Visitor: 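Below is a structure I'd like to ask you about.
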Protein chains: 2
Amino acid sequence: MKLSTKGRYAVTAMLDLALHAGKGPITLAEVSGRQHISLSYLEQLFSRLRKANLVDSIRGPGGGYELKRPATQISIAEVVLAVNEPITATRCNGKGDCQGGDVCLSHQLWSELSDQIYQFLSGITLDHVIQRDFVQQVAERQNVRFREEDVIAFG
Amino acid sequence: MKLSTKGRYAVTAMLDLALHAGKGPITLAEVSGRQHISLSYLEQLFSRLRKANLVDSIRGPGGGYELKRPATQISIAEVVLAVNEPITATRCNGKGDCQGGDVCLSHQLWSELSDQIYQFLSGITLDHVIQRDFVQQVAERQNVRFREEDVIAFG
DNA sequence: GTAAAGTTGACTAAATTACTCGGGTATGAG
DNA sequence: CTCATACCCGAGTAATTTAGTCAACTTTAC
Ligand code: FES
Ligand code: FES
């Protein structure tokens, strides 16, 4: 499978949404501030997340994004898939033709690895992740720092 | 972890070596012919495999490469590691600093994924792979075709 | 109306990957 | 001895992918 910064950013951003759920729409500007991901880049990512039906968008002032389903029902695999290419560790993308039309020696091996990764990532939901102490602590630190930056910027 | 064409080629080439073990050194030209990997590229890969103590090289006429250890004792993970960067799915390479010196929300998740992939790949040896019917069939096809090409080229 | 926010698509810069090339060096067969 | 075989090595490059920017547009609350 393809695990790029893009996929990692998407997951991070979705975790941020999950952590701040239930308080109305979250703007990308907030996510950008807390997670240090450029706003324009987030726009790109959320365009895909929206098309994949993982988030709802609310336009206009007071708008933003929110999770379309509860965090308990969105798996990490879905998020990665939404912004990346299909999950596969093969060179041939599952077609079995990477040796000039024929299947190569190691094809089966990579297929199995793809399965493993997919199984792992689809067994974990956004909620599983944000329940962890570790993540809670990181989130708390980010909240504090984000408010401090507000003070510096606007106070 | 980083799973590039390079890693896949390395595994394929090592499988070829394993399949033709016990008949003296295998030249890269043979591997290249059977697996359709460019000779220059193979040289690059085997340079690393040799430095990682996975293969022995024999120079001069009649020379080539052979596995340094039996195929039952070389894991896929070792091969991938030998040609790629360290196995990690994190952005920070395990340092926990990808958010301007601080750990990011999803760090722990990617660490766990890295573990999973590593566990999987290190649990499979070259021998496990070449024992499979599927792989045996592909190998047989390659042998036949390779001999046919000999005839065309030299006969 | 106007400012906040999402929407879109094209564009660019940087990084990585996947190679190639050209010249080495060791060595065994004849 | 010699020379063809095969490994050895590092620089260089072309292609692809990734990461990120920019500018113009739409919707909507106040
Ligand atoms: S990876 Fe599928 S044929 Fe080689
Ligand atoms: S992936 Fe390690 S800190 Fe973000």
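Keep in mind that what you see is a predicted model, and the values were worked out from it rather than measured. Residue numbers begin at 1 in each chain, while the letters A, B, ... track the order of the sequences.
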Visitor: May I ask you to say what A:Phe46 touches in the nucleic acid, namely base, sugar-phosphate or nothing, with a heavy-atom cut-off under 4.0 Å?
Guide: nothing

Visitor: Please name all residues satisfying ring-ring contact (aromatic ring centres under 6.0 Å, His included) with A:Phe120, sequence neighbours left out, ordered by chain then number.
Guide: none

Visitor: Within the structure, does a side-chain N or O atom of B:Arg48 lie under 4.0 Å from either OP1 or OP2 of D:dC9?
Guide: no

Visitor: Expressed as a whole number of angstroms, how long is the span from B:Ile58:CD1 to C:dG28:C1'?
Guide: 13 Å

Visitor: For nucleotides 22-30 of chain D, give me one character per nucleotide, 5' to 3': B if any protein heavy atom sits under 4.0 Å from the base, S if the only such contacts are to the sugar-phosphate, - if neither.
Guide: B---BBBB-

Visitor: Could you go through residues 58-66 of chain B and list every donor-acceptor pair under 3.5 Å that involves a side-chain atom there, pairing it with any protein atom two or more places apart or in another chain?
Guide:
none

Visitor: OP1 or OP2 of C:dG6 less than 4.0 angstrom from a side-chain nitrogen or oxygen of A:Ser47, does that happen here?
Guide: no

Visitor: If we ignore angles and hydrogens, is there a donor and acceptor under 3.5 Å between the side chains of B:Thr72 and B:Thr125?
Guide: no

Visitor: Could you state the CD-C1' distance from B:Glu30 to D:dT5, rounded to the nearest angstrom?
Guide: 13 Å

Visitor: Taking CD from A:Glu66 and P from C:dG6, how many angstroms apart are they, rounded to a whole number?
Guide: 12 Å

Visitor: Would you please confirm or rule out a distance under 4.0 Å between OP1 or OP2 of D:dC8 and any side-chain N or O of B:Ser57?
Guide: yes

Visitor: Do you see a donor-acceptor pair shorter than 3.5 Å between the side chains of B:Trp110 and B:Ser106?
Guide: yes

Visitor: In terms of side-chain heavy atoms of B:Thr5, which of C:dA18, C:dT8, D:dC7 is nearest?
Guide: C:dA18

Visitor: Of the options D:dG20, D:dC7, C:dG6, whose atoms approach the side-chain atoms of A:Tyr9 most closely?
Guide: D:dG20

Visitor: Is the shortest side-chain N/O distance from B:Ser38 to OP1 or OP2 of C:dT20 below 4.0 Å?
Guide: yes

Visitor: To the nearest angstrom, how far is A:Leu42 atom CG from C:dT8 atom C1'?
Guide: 16 Å

Visitor: Identify, with sequence neighbours excluded, every residue that meets salt bridge (Lys or Arg N to Asp or Glu O under 4.0 Å) alongside B:Glu78.
Guide: B:Arg69

Visitor: Which whole-number value in Å describes the distance from A:Arg50 CZ to C:dA5 P?
Guide: 18 Å

Visitor: On DNA chain D, check which nucleotide each of B:Lys51 and A:Tyr41 is closest to and give me the residue with the more 5' one.
Guide: B:Lys51

Visitor: Starting at atom CD1 of A:Ile26, determine the distance to atom P of C:dG6, rounded to an integer number of angstrom.
Guide: 11 Å

Visitor: So which pairs with a foot in residues 115-134 of chain B pass salt bridge (Lys or Arg N to Asp or Glu O under 4.0 Å), sequence neighbours left out?
Guide: A:Glu112-B:Arg132

Visitor: Quick one: A:Arg8 CZ to D:dA19 C1', roughly how many Å, whole number?
Guide: 12 Å

Visitor: Sequence neighbours left out, what passes side chain to side chain donor-acceptor pair (under 3.5 Å) with A:Gln44? Give chain and number order.
Guide: none

